[in-house]
Amino acid sequence: MNVLYFAWVRERIGIPREEVNTEAATVMDLVEELRLREDRYAAAFADIAALRVALDQELTTFDASLSGVREVAFFPPMTGG
């Protein structure tokens with residue numbers, strides 16, 4: 001699956017996107033897998049309350065299923081003004 005990182009998430013991890021092979025059932029399972037990869041991922045996902053996630057360009061929650069998902073995007077909350 002294609003995983004996209006935006007804003008400070010991208011800055012901490014050091015790449016904008018990557019192809020990830022995973023058996024994760026939910027977004028949170030994927031986050032746990034990524035955290036274990038190396039310190040830069042652990043830093044990016046240290047506080048998921050500061051993150052939002054979209055599956056195939058639809059906002060969702062971290063307990064959402066990854067079944068059939070092709071794209072996961074992680075980004076900080078947006079502010080308007």
Taking atom [atom1] of [X] as the centre, report whether more than 12 heavy atoms of other residues, nucleotides or ligands fall under 6.0 Å from it.
X: Gln57; atom1: CD; result: no
X: Glu58; atom1: CD; result: no
X: Glu23; atom1: CD; result: no
X: Arg37; atom1: CZ; result: yes

According to a 4.5 Å side-chain heavy-atom criterion applied to Ile, Leu, Val, Met, Phe, Trp and Tyr, with indirect links allowed, do [X] and [Y] form part of one hydrophobic cluster?
X: Leu34; Y: Met1; result: yes
X: Ile15; Y: Val72; result: yes
X: Phe45; Y: Phe62; result: yes
X: Phe75; Y: Val31; result: no
X: Val20; Y: Phe6; result: no

Subject >> Check: Asp56 side chain, Arg70 main-chain N or O, donor-acceptor pair, under 3.5 Å >> reply: yes
message: Distance check, rounded to the nearest 0.5 Å: Arg17 atom CZ versus Asn2 atom CG?
response: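 Arg17 atom CZ to Asn2 atom CG measures 5.0 Å (nearest 0.5 Å).
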Which heavy atom of Pro76 sits nearest a heavy atom of Val9, and at what distance?
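In this case the closest contact between Pro76 and Val9 is CD-CG2, 4.3 Å.
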In terms of heavy-atom contacts, Ala64 and Leu55 come closest through CB-CD1, 3.8 Å
For Tyr5, the ring pair (Phe, Tyr, Trp, His ring centres under 6.0 Å) test, sequence neighbours excluded, returns none
Does [X] reach the side chain of [Y], with side-chain heavy atoms less than 4.5 Å apart?
X: Ile13; Y: Phe74; value: no
X: Thr61; Y: Val27; value: no
X: Leu51; Y: Trp8; value: yes

Discussion item. Among residues at least two apart in sequence or on other chains, which ones pass salt bridge (charged side-chain N to carboxylate O under 4.0 Å, His left out) with Arg35?
Written reply: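 Arg35: salt bridge (charged side-chain N to carboxylate O under 4.0 Å, His left out) contacts with Glu32.
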